[in-house]
There are 2 protein chains.
Amino acid sequence: MARKAREQLSEAELAVLRVLWDFGPQTVRGVMERFHERGRRVAYTTVLTFLVRLEQKGFAVSDKKVGPAFVYRAKASRESVVRTRVRALLDQLYDGAAAPLALQLIENERFTDEELSKLRKLIDELGG
Amino acid sequence: MARKAREQLSEAELAVLRVLWDFGPQTVRGVMERFHERGRRVAYTTVLTFLVRLEQKGFAVSDKKVGPAFVYRAKASRESVVRTRVRALLDQLYDGAAAPLALQLIENERFTDEELSKLRKLIDELGG
DNA sequence: GCAGGTCTACTACAACTGTCAGAGACAGTC
DNA sequence: GACTGTCTCTGACAGTTGTAGTAGACCTGC
């Protein structure tokens with residue numbers, strides 16, 4: 001027996017999924033081109049593999065075709081994936097507590113004044 | 001050729017490293033017992049493997065012995081590991097921007113009033 | 001001086017990941 | 001109708017990860 005089947009997104013799969021979120025439904029070639037534009041050299045069949053795996057894991061679907069090529073679109077929402085990932089990080093690092101991560105972020109990362117006031121506003125709305 | 005050698009912590013290795021952070025230097029058996037206390041059933045040799053890998057990757061060292069057993073201690077600091085992980089998450093999800101994650105956290109996770117005021121105080125100190 | 005327990009070292013192995021090549025299907029073109 | 005290009009499908013392979021068994025070294029108590 002090995003580890004439990006988690007149907008979890010790997011890093012490269014997530015990168016592909018992000019293309020679908022950011023640019024809308026794409027063919028294999030389309031995704032590959034977006035990668036190439038960003039300087040990420042990757043073979044056509046590699047991208048195909050990731051899209052197939054995304055579909056197997058339920059994060060994408062390919063129902064339509066454009067000419068001979070399948071068009072893949074994201075099925076999972078960006079928000080749900082982000083939440084899952086953040087939760088996993090929280091569990092791994094702080095037994096699930098969110099506050100330490102929030103503090104760590106605000107202390108160690110850079111924010112513009114605008115971002116800071118947005119954060120402040122949000123916190124004020126939550127009361128306390 | 002496969003992916004670049006990243007000398008990256010895996011999830012289970014991180015869990016072991018956390019024991020070293022939380023409970024101080026430990027033998028293999030010590031780490032295993034901490035896991036068992038938390039209901040994580042794992043074989044002695046499995047823990048040994050993780051500690052060996054941690055040492056190979058430079059996150060831990062085993063210089064002393066207690067009786068016949070090596071005592072492992074964390075070499076990498078919790079802070080540095082957390083920073084690296086958070087950074088990786090930021091890159092994967094938001095091309096490195098910190099603000100969206102901060103907002104996501106505050107919106108979607110729960111905080112006590114005390115935590116909120118700590119956050120507010122920190123934000124106020126950063127100006128803006 | 002050997003039986004039993006503990007330790008490390010070595011080996012193993014399946015699932016997951018990143019990466020891609022080759023084969024076969026189909027459309028357009030000369 | 002053969003050539004070219006584009007697609008998908010299938011297979012492959014090495015590195016990582018989670019998990020653990022086994023072997024050999026070493027004490028210790030009888």
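Chain identifiers are assigned alphabetically (A, B, ...) following the order of the sequence lines, protein sequences preceding nucleic acid strands; residue numbering begins at 1 within each chain. All values below were derived from every heavy atom in this structure, side-chain atoms included, with hydrogens, water molecules and symmetry-related copies excluded.
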Separation of [X] atom [atom1] from [N] atom [atom2], in whole Å?
X	N	atom1	atom2	result
B/L14	D/dG18	CG	C1'	14 Å
B/Q56	D/dG15	CD	P	15 Å
B/E11	C/dC16	CD	P	14 Å
A/L51	D/dT10	CG	C1'	17 Å
B/Q92	C/dG18	CD	P	10 Å
A/R41	C/dG18	CZ	P	18 Å
B/E13	D/dT19	CD	C1'	13 Å
B/L54	D/dT16	CG	C1'	14 Å

Counting only side-chain nitrogens and oxygens, does [X] get under 4.0 Å of the OP1 or OP2 atom of [N]?
X	N	result
A/Y44	D/dT6	no
B/S10	D/dT16	no
A/T49	C/dG18	no

How is [X] classified with respect to the nucleic acid when contacts are heavy atoms under 4.0 Å: base, sugar-phosphate, or nothing?
X	value
B/R29	sugar-phosphate
B/K57	sugar-phosphate
B/V52	nothing
A/F70	sugar-phosphate
B/T45	base

Report yes if some heavy atom in the side chain of B/L14 is under 4.5 Å from a heavy atom in the side chain of A/L93; otherwise report no.
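SC-SC contact between B/L14 and A/L93 confirmed.
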Taking everything shown except B/K121 itself, do over 12 heavy atoms lie less than 6.0 Å from its NZ?
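No.
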In this structure, are over 12 heavy atoms from other groups packed under 6.0 Å from B/R78 atom CZ?
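Counting other residues, nucleotides and ligands, CZ of B/R78 exceeds 12 neighbours.
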Of the listed nucleotides [options], the one nearest the side chain of [X]:
X	options	result
A/F50	D/dA20, C/dC20, C/dG18	C/dG18
A/R53	D/dA12, C/dC7, D/dG18	D/dA12
A/R40	C/dT8, D/dC7, C/dT19	C/dT19

Can a donor-acceptor pair under 3.5 Å be found between the side-chain atoms of A/T27 and the base atoms of D/dC7?
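Such a pair does not exist between side chain and base.
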Whichever of A/V42 and A/L9 has its nearest DNA chain C nucleotide further upstream toward 5':
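First, find each residue's nearest nucleotide; the 5'-ward one identifies A/L9.
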